[in-house]
Student: 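Got a structure for you, questions after.
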Amino acid sequence: LAVACALEALPAVSVVHYPGLPSHPGHEIASRQMSGFGAMLSFRVAGGEAAALRAVGRASLFVRATSLGGVESLIEHRASSEGPGSRTPRELIRLSIGLEHPEDLIADLEQALGE
């Protein structure tokens with residue numbers, strides 16, 4: 001949740017997809033159904049595909065990987081992983097949050113998304 005809130009406040013991010021955020025369209029129902037909101041989230045980079053790819057490449061604490069369920073934080077440009085026929089938005093980045101301190105992850109994402 002801390003990472004999602006921080007991303008939502010960044011000008012380089014156009015939208016954060018995480019049901020724990022009050023701004024998420026499914027927040028109300030998720031709040032009734034879940035005791036927590038999990039460690040998976042995605043977001044769209046305001047600068048488009050090139051900015052998303054640059055951010056993924058600049059992240060240093062996150063491991064570039066598609067695999068889920070590990071203890072390390074992962075970052076993925078999903079459309080690249082799916083290939084040329086992907087219908088995933090080209091500016092979308094997916095995260096799996098691991099055991100690292102949220103403040104360290106937020107700092108890494110801020111520097112990765114910075115100019």
Student: Would you mind listing every salt bridge (charged side-chain N to carboxylate O under 4.0 Å, His left out) that reaches into residues 33-42, with sequence neighbours excluded?
Tutor: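 Found none.
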
Student: Got a sec: does the CD of Glu103 have more than 12 other heavy atoms crowding it under 6.0 Å?
Tutor: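 Open: at most 12 neighbouring heavy atoms sit under 6.0 Å from CD of Glu103.
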
Student: For residues 81-92, pull every pair meeting salt bridge (charged side-chain N to carboxylate O under 4.0 Å, His left out), keeping only residues two or more places apart or in separate chains.
Tutor: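 Sorted pair list: Arg44-Glu91, Glu49-Arg90, Arg78-Glu82.
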
Student: Considering all heavy atoms of both residues, which atom of Pro11 and which atom of Ala46 are nearest to each other, and what is their separation?
Tutor: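 Scanning both residues, the minimum pair turns out to be O-CB, 3.9 Å.
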
Student: If the condition is side-chain hydrogen bond (donor to acceptor under 3.5 Å, both in side chains), which residues does Glu100 pass it with, not counting sequence neighbours?
Tutor: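 If we apply the side-chain hydrogen bond (donor to acceptor under 3.5 Å, both in side chains) test to Glu100, skipping adjacent residues, the hits are Ser73.
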
Student: Over all heavy atoms of both residues, which pair between Ser81 and Thr66 is shortest? Give the atoms and the distance, please.
Tutor: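 For Ser81 versus Thr66, the nearest heavy atoms are OG-OG1, 3.6 Å.
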
Student: So, for Arg58 and Gly114, which heavy atoms are closest and what is the spacing to 0.1 Å?
Tutor: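 Arg58 and Gly114 have their closest heavy atoms at NH1-O, 2.8 Å.
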
Student: Could you walk me through whether Leu95 and Leu105 pass the side chain to side chain contact (heavy atoms under 4.5 Å, CB included) check?
Tutor: CA-CA 11 Å; Leu95 302 177; Leu105 296 173; over 6 Å; no

Student: Check whether any side-chain N or O of Asp108 sits under 3.5 Å from a backbone N or O of Ser60 as a donor-acceptor pair, and report yes or no.
Tutor: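 Here the side-chain-to-backbone pair exists.
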
Student: Who passes side-chain hydrogen bond (donor to acceptor under 3.5 Å, both in side chains) against Ser80, sequence neighbours left out?
Tutor: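 Checked Ser80 against side-chain hydrogen bond (donor to acceptor under 3.5 Å, both in side chains); matches are His77.
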
Student: Sequence neighbours left out, what passes side-chain contact (heavy atoms from CB on, under 4.5 Å) with Ala4? Give chain and number order.
Tutor: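 Val16, Tyr18, Leu21, Leu41.
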
Student: How about Leu74 and Arg94: do any of their side-chain heavy atoms sit closer than 4.5 Å?
Tutor: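 A side-chain contact is absent here, since even the closest heavy-atom pair is not under 4.5 Å.
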
Student: Cluster question for you: counting only ILVMFWY and a side-chain heavy-atom cut-off of under 4.5 Å, with indirect links fine, are Ile106 and Leu109 together?
Tutor: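 In one cluster with Ile106: Leu109, yes.
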
Student: When clusters are formed by joining ILVMFWY residues with side-chain heavy atoms under 4.5 Å apart, either directly or through shared neighbours, do Val45 and Ile97 land in the same one?
Tutor: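 In one cluster with Val45: Ile97, yes.
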
Student: Looking only at heavy atoms, what is the nearest atom pair of Ala79 and Pro89, with distance?
Tutor: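 Answer, listing the atom of Ala79 first, then Pro89: CB-O, 4.2 Å.
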
Student: Checking Phe62 against Ile93 for the side chain to side chain contact (heavy atoms under 4.5 Å, CB included) test, could you report, in this order, the C-alpha distance in whole Å, the side-chain angles of both residues, the deciding distance, and whether it holds?
Tutor: CA-CA 12 Å; Phe62 286 85; Ile93 294 174; over 6 Å; no

Student: Decide whether Val13 and Leu61 are clustered together by the hydrophobic rule: side chain heavy atoms of Ile, Leu, Val, Met, Phe, Trp, Tyr closer than 4.5 Å, transitively.
Tutor: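 Yes; Leu61 is reachable from Val13 via cluster members.
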
Student: Mind checking whether Ile75 and Leu7 sit in one hydrophobic cluster, side chains of I, L, V, M, F, W, Y counted as touching below 4.5 Å?
Tutor: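 Looking at the clustering, Leu7 is in the same group as Ile75.
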
Student: Once side-chain hydrogen bond (donor to acceptor under 3.5 Å, both in side chains) is applied, do any residues pair with Ser14, and if so which ones, sequence neighbours excluded?
Tutor: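 With sequence neighbours excluded, Ser14 shows a side-chain hydrogen bond (donor to acceptor under 3.5 Å, both in side chains) to no residue whatsoever.
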
Student: In terms of hydrophobic clustering (I, L, V, M, F, W, Y; side-chain heavy atoms under 4.5 Å; direct or indirect links), are Leu10 and Val3 co-clustered?
Tutor: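 Yes.
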
